[in-house]
K.L.:
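My questions will all concern the structure given below.
Each chain gets a letter, A, B and so on, in the order its sequence line appears, and its residues count up from 1. Computed over heavy atoms, backbone and side chain alike; hydrogens, waters and symmetry mates excluded. Because the structure is predicted, anything quoted here is derived from the model rather than measured.
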Amino acid sequence: MRLYNTMTRTKEEFKPLKDKVVNMYVCGPTVYNYIHIGNARAFIVFDTVRRYLEYKGYTVNYVQNFTDIDDKIINRAKEENTTEKEIAERFIEEYFKDADALGIKRATVHPRATEHIDDIIEFIKILIDKGYAYVVDGNVYFETAKFKDYGKLSHKNIDELMAGARVEIDEKKKNPLDFALWKAQKPGEPAWDSPWGKGRPGWHIECSVMSTKYLGKTLDIHAGGPDLIFPHHENEIAQSEAAYDQPFSKYWMHIGYLNVNNEKMSKSKGNFFTVRELTEKYDPEVLRLFMLMAHYRSPINFSLDLLDQAKSAYERLSNAVVNLKHLVNITKDRELSDEEKDLIVKFDEYKKQFEEAMDDDFNTADAISVLFEMAKTANANLNGNSSKKLVEYILEMFLKLSDVLGLSYKNAETEIEDEEILRLIEERQKARKEKNWKLADEIRDKLKERGIILEDTPEGVRWKRIR
RNA sequence: GGCGACAUAGCCAAGCGGUAAGGCAGGGGUCUGCAAAACCCCGAUUCCCCGGUUCGAAUCCGGGUGUCGCCUCCA
């Protein structure tokens, strides 16, 4: 298995520190608003990485933080005349709603910055003791010039960074590149006690501290959005490696940018979408499929038109599942014919292709194309006379591989328990037998309004739910 | 100024030295009471342009052109 490492800018053979365990840290959201589709891409992609690692038999310790204290949260609390804690709690809850809908599995641990203040303080003490940090008026800064490898992840030259510096001007810093580990309290802001006075942690410090606490001093994979490479991840490396003198992470993974209507997504342009507003109109799995149909490191463009394309594609996959489930219900168990044995071989080959695609730096686009080929082959070769065993084999494989991508086709559920609906379907079948097309069509329309689509096939009526 | 990415059919998008995957949209057909789903057939003599390396290049090298990103809070 190979994956692209931002640090070395090459695809490397993946070998975790411990044989079958992967310690993985993903930078999570700052909880001051609903997550947007840029966030969603990162979380969907790394959730898929995790799922595939688990599929391959690794135990994945997956940690994703919540930044629950920060300027944006403070501002929002002010605007709404409430507390920072309330804002954070609320949007953590909303995060889980969106993440669950998108099929993003819960992390092993979801640590929050404000619950690790003591650990953060201890960590800063180490940095001060080792001479990497200095205190000015209750603020503590990391002295970037002291860390010789500063810039190694983002491949930036520290002198040029300074030369081009549009970096914020802060008289307290020795150097514009230095960054805050601890921020002294400003009037009206929440604060915690520390050896340097009341204040709150800087942004970068929480990830260094919490990743180490839950996963150890050297991670296998550290991942996040592309805009975190510099300065966030660069700063994390500086802090952690300065403190512990060992590599902070073996592999660094970053996704590509997501643009909206060919423009950079930004609030000033007002061109960003939240996950919430999209999932009100689209099946969340459509969004998930959309994100995975391109390679995770490529920049992608988002638009509603493109999402509609993904929706059609998704329906093809989900229809294949409906059709297979229907066949499972109506086929009989019997020995496989020679042709059917050949099909088993063919599907085993598909599975192999899927794995090869994923093994090559998580090429989900290629993996998905295999799913489409599986759907086509199944549709073309299976029918009511097929062996049930065969149909089940294919369905199970299709669902298992889809699950690696986080696609469960929840809405392709074919079970219907509602007595009334079952009765209407019966009634319509009877009407059709009597060639009472008017009544049959009425019932079909009526059920459609209730989200049930009926399809008449040579092997009887088939139904599915739609949103 | 520094660093980097990308340019493949109407749209989206894989492929990264061996002769163009897949999806969407479109056209034609089969099946069907109708509908839906599905299946079959049709599309780039060609991968931004120009050179070069090679038996062979979308894939490697050089040079253009064009888009975009990072260097500032941001996934």
Side-chain angles (χ1 to χ4, degrees), chain A residues 6 9 11 26-30 35-46 67 70-72 151 154-157 159-168 176-177 203 223-232 234 254-259 262-267 272 289-290 293-295 297-301 303 305-320 322-323 326 353 357 360 363-383 432 435-438 440-441 444-445 448 453-458 461-464:
Chain A
T6 307
R9 287 182 174 169
K11 281 188 201 173
V26 179
C27 289
T30 300
I35 58 167
H36 60 242
I37 51 178
N39 296 308
R41 162 124 102 146
F43 301 146
I44 287 169
V45 163
F46 297 122
T67 299
D70 143 282
D71 288 346
K72 293 190 287 292
S154 51
H155 304 275
K156 292 184 188 309
N157 180 309
D159 299 323
E160 281 159 0
L161 271 175
M162 285 191 279
R166 284 182 297 152
V167 192
E168 70 178 279
L177 288 176
W203 172 37
D227 42 0
L228 298 183
I229 298 171
F230 187 90
H232 185 55
E234 198 68 71
H254 296 92
I255 60 166
Y257 272 94
L258 181 142
N259 295 132
N262 295 308
E263 284 187 318
K264 184 185 170 178
M265 189 169 67
S266 75
K267 303 213 165 144
F272 74 100
L289 183 68
F290 171 84
M293 283 206 296
H295 188 88
R297 283 189 284 112
S298 311
I300 57 173
N301 187 228
S303 70
D305 185 50
L306 261 13
L307 194 60
D308 283 330
Q309 283 193 18
K311 182 184 177 186
S312 298
Y314 177 75
E315 281 166 0
R316 183 166 169 74
L317 258 19
S318 123
N319 281 337
V322 170
N323 297 171
H326 179 242
Q353 285 175 23
D360 184 16
N363 192 335
T364 54
D366 245 0
I368 288 168
S369 79
V370 176
L371 249 30
F372 280 108
E373 292 194 47
M374 289 174 77
K376 170 160 284 186
T377 304
N379 287 332
N381 292 284
L382 303 180
N383 59 48
R432 290 187 69 227
K435 297 202 190 301
N436 184 350
W437 310 126
K438 189 165 174 285
D441 290 352
R444 186 168 61 194
D445 290 345
K448 190 176 179 183
I453 297 284
L454 296 188
E455 296 171 352
D456 301 316
T457 77
V461 64
R462 178 172 68 200
W463 56 74
K464 63 186 177 190

K.L.:
If you measure from CG on A/Asp360 to NE2 on A/His295, what distance do you get to the nearest 0.5 Å?
P.N.:
8.0 Å
K.L.:
Roughly how far, to the nearest 0.5 Å, is the CG atom of A/Leu258 from the CD1 atom of A/Ile37?
P.N.:
5.0 Å
K.L.:
Name the nucleic acid region contacted by A/His232, choosing base, sugar-phosphate or nothing; use a 4.0 angstrom heavy-atom cut-off, strictly under.
P.N.:
nothing
K.L.:
Rounded to the nearest 0.5 Å, what's the gap from CG on A/Asn323 to CZ on A/Arg462? Could you check?
P.N.:
3.5 Å
K.L.:
By side chain to side chain contact (heavy atoms under 4.5 Å, CB included), which residues pair with A/Pro29, not counting sequence neighbours?
P.N.:
A/Val31, A/Ile35, A/Phe43, A/Gln64, A/Phe66, A/Tyr95
K.L.:
Could you please name the option among B/rC12, B/rU72, B/rG69 that lies closest to any side-chain atom of A/Pro231?
P.N.:
B/rU72
K.L.:
Using atom P in both nucleotides, what's the gap between B/rU19 and B/rC73 to the nearest angstrom?
P.N.:
49 Å
K.L.:
Is the shortest side-chain N/O distance from A/Arg316 to OP1 or OP2 of B/rA37 below 4.0 Å?
P.N.:
no
K.L.:
Which whole-number value in Å describes the distance from A/Leu228 CG to B/rU72 C1'?
P.N.:
14 Å
K.L.:
Do any side-chain nitrogens or oxygens of A/Lys264 fall under 4.0 Å of OP1 or OP2 in B/rC70?
P.N.:
yes
K.L.:
Would you sketch RNA chain B in dot-bracket for me? Only Watson-Crick or G-U wobble pairs with both distances under 3.5 Å count, crossing pairs as [ ], other-strand pairs as |, the rest as dots.
P.N.:
(((((((..(((.....[...))).(((((.......))))).....(((((..]....))))))))))))....
K.L.:
In whole Å, measure the gap between the P atoms of B/rG56 and B/rG64 for me.
P.N.:
26 Å
K.L.:
Which of these nucleotides, B/rC12, B/rG33, B/rG15, is closest to any side-chain atom of A/Arg444?
P.N.:
B/rG33
K.L.:
Is it true that atom NZ of A/Lys448 has more than 12 heavy atoms of other residues, nucleotides or ligands lying nearer than 6.0 Å?
P.N.:
no
K.L.:
Looking across every strand, which nucleic acid part, if any, lies under 4.0 Å from A/Ile35 by heavy atom: base, sugar-phosphate, or nothing?
P.N.:
nothing
K.L.:
Using a heavy-atom cut-off of 4.0 Å across all strands, would you classify A/Lys435 as base, sugar-phosphate, or nothing?
P.N.:
nothing
K.L.:
Write down the distance separating the C1' atoms in B/rC24 and B/rG17, rounded off to the nearest Å.
P.N.:
31 Å
K.L.:
Expressed in whole Å, how much space separates the C1' atoms belonging to B/rC12 and B/rC3?
P.N.:
29 Å
K.L.:
From the options B/rA75, B/rA35, B/rC71, select the nucleotide whose nearest atom is closest to the side chain of A/Asp456.
P.N.:
B/rA35
K.L.:
Taking CE from A/Met265 and C1' from B/rG69, how many angstroms apart are they, rounded to a whole number?
P.N.:
14 Å
K.L.:
Let's go through A/Lys311 and A/Asp308 carefully: what are the C-alpha distance in whole Å and the side-chain angles of both, what is the deciding distance for salt bridge (charged side-chain N to carboxylate O under 4.0 Å, His left out) to 0.1 Å, and is it a yes or a no?
P.N.:
CA-CA 5 Å; A/Lys311 182 184 177 186; A/Asp308 283 330; 5.7 Å; no
K.L.:
Nearest whole angstrom, please: distance from the P of B/rG15 to the CG of A/Asp366.
P.N.:
6 Å
K.L.:
Between P on B/rA38 and CG on A/Asn381, what's the gap in Å once rounded to a whole number?
P.N.:
15 Å
K.L.:
Any donor-acceptor pair under 3.5 Å linking the side chain of A/Arg41 with the backbone of A/Gly256?
P.N.:
yes
K.L.:
Looking only at atom C1', what distance separates B/rA25 and B/rG2, rounded to whole Å?
P.N.:
43 Å
K.L.:
Can you tabulate the close N/O pairs, meaning under 3.5 Å, that link protein atoms to atoms of nucleotides 3-5 of chain B?
P.N.:
{"unit_1": "B/rC3", "atom_1": "O2'", "unit_2": "A/Arg9", "atom_2": "NH2", "d": "3.0"}

K.L.:
Is any side-chain N or O of A/Gln309 under 3.5 Å from a base N or O of B/rC11, one able to act as donor and the other as acceptor?
P.N.:
yes
K.L.:
Quantified in whole Å, what is the P atom distance between nucleotide B/rA57 and nucleotide B/rC50?
P.N.:
15 Å
K.L.:
So if I take every side-chain heavy atom of A/Ser312 and compare against B/rA25, B/rA38, B/rC73, which nucleotide ends up nearest?
P.N.:
B/rA25
K.L.:
Using a cut-off of 4.0 Å on non-hydrogen atoms, how would the nucleic acid contact of A/Asn323 be classed: base, sugar-phosphate, or nothing?
P.N.:
sugar-phosphate
K.L.:
What's the spacing between A/Asn363 CG and A/Arg297 CZ if we round to 0.5 Å?
P.N.:
9.5 Å
K.L.:
Distance-only, no hydrogens or angles: does the A/Glu234 side chain make a donor-acceptor pair with backbone N or O of A/Ser154 under 3.5 Å?
P.N.:
yes
K.L.:
Let's see if you can work this out: which of B/rA36, B/rC39, B/rC11 has an atom nearest to the side-chain heavy atoms of A/Ala380?
P.N.:
B/rC39
K.L.:
Between B/rA38 atom P and A/Phe372 atom CZ, what is the distance in whole Å?
P.N.:
11 Å
K.L.:
Could you tell me the separation between the CD1 atom of A/Ile229 and the P atom of B/rC73, rounded to a whole number of Å?
P.N.:
15 Å
K.L.:
Scan A/Ile37 against the nucleic acid and name what it touches under 4.0 Å (heavy atoms): base, sugar-phosphate only, or nothing.
P.N.:
nothing
K.L.:
Go through A/Thr457 and A/His326 one step at a time and tell me if the side chain to side chain contact (heavy atoms under 4.5 Å, CB included) criterion holds.
P.N.:
CA-CA 10 Å; A/Thr457 77; A/His326 179 242; 3.9 Å; yes
K.L.:
When the C1' atoms of B/rG23 and B/rU65 are considered, how many whole Å apart are they?
P.N.:
31 Å
K.L.:
Assign A/Asp441 to base, sugar-phosphate, or nothing according to its heavy-atom contacts below 4.0 angstrom with the strands shown.
P.N.:
base
K.L.:
Starting at NZ of A/Lys438 and ending at P of B/rC34, how long is that distance when rounded to a whole Å?
P.N.:
19 Å
K.L.:
Mapping A/Asn363 and A/Leu454 to their closest nucleotides on RNA chain B, which lands nearer the 5' end?
P.N.:
A/Asn363
K.L.:
Enter the distance from A/Ile255:CD1 to A/Ile300:CD1 here, rounded to the nearest 0.5 Å.
P.N.:
8.0 Å
K.L.:
Picking from B/rA35, B/rA75, B/rA13, which would you name as closest to the side chain of A/Ala365?
P.N.:
B/rA13
K.L.:
What is the distance, to the nearest angstrom, from the CG atom on A/Asn379 to the P atom on B/rC40?
P.N.:
9 Å
K.L.:
Pick base, sugar-phosphate or nothing for A/Gly224, based on heavy-atom distances below 4.0 Å to the nucleic acid.
P.N.:
sugar-phosphate
K.L.:
Determine the Euclidean distance between corresponding C1' atoms of B/rG28 and B/rG33; express it in Å to zero decimal places.
P.N.:
23 Å
K.L.:
How about A/His36 and A/Asn39: do any of their side-chain heavy atoms sit closer than 4.5 Å?
P.N.:
yes
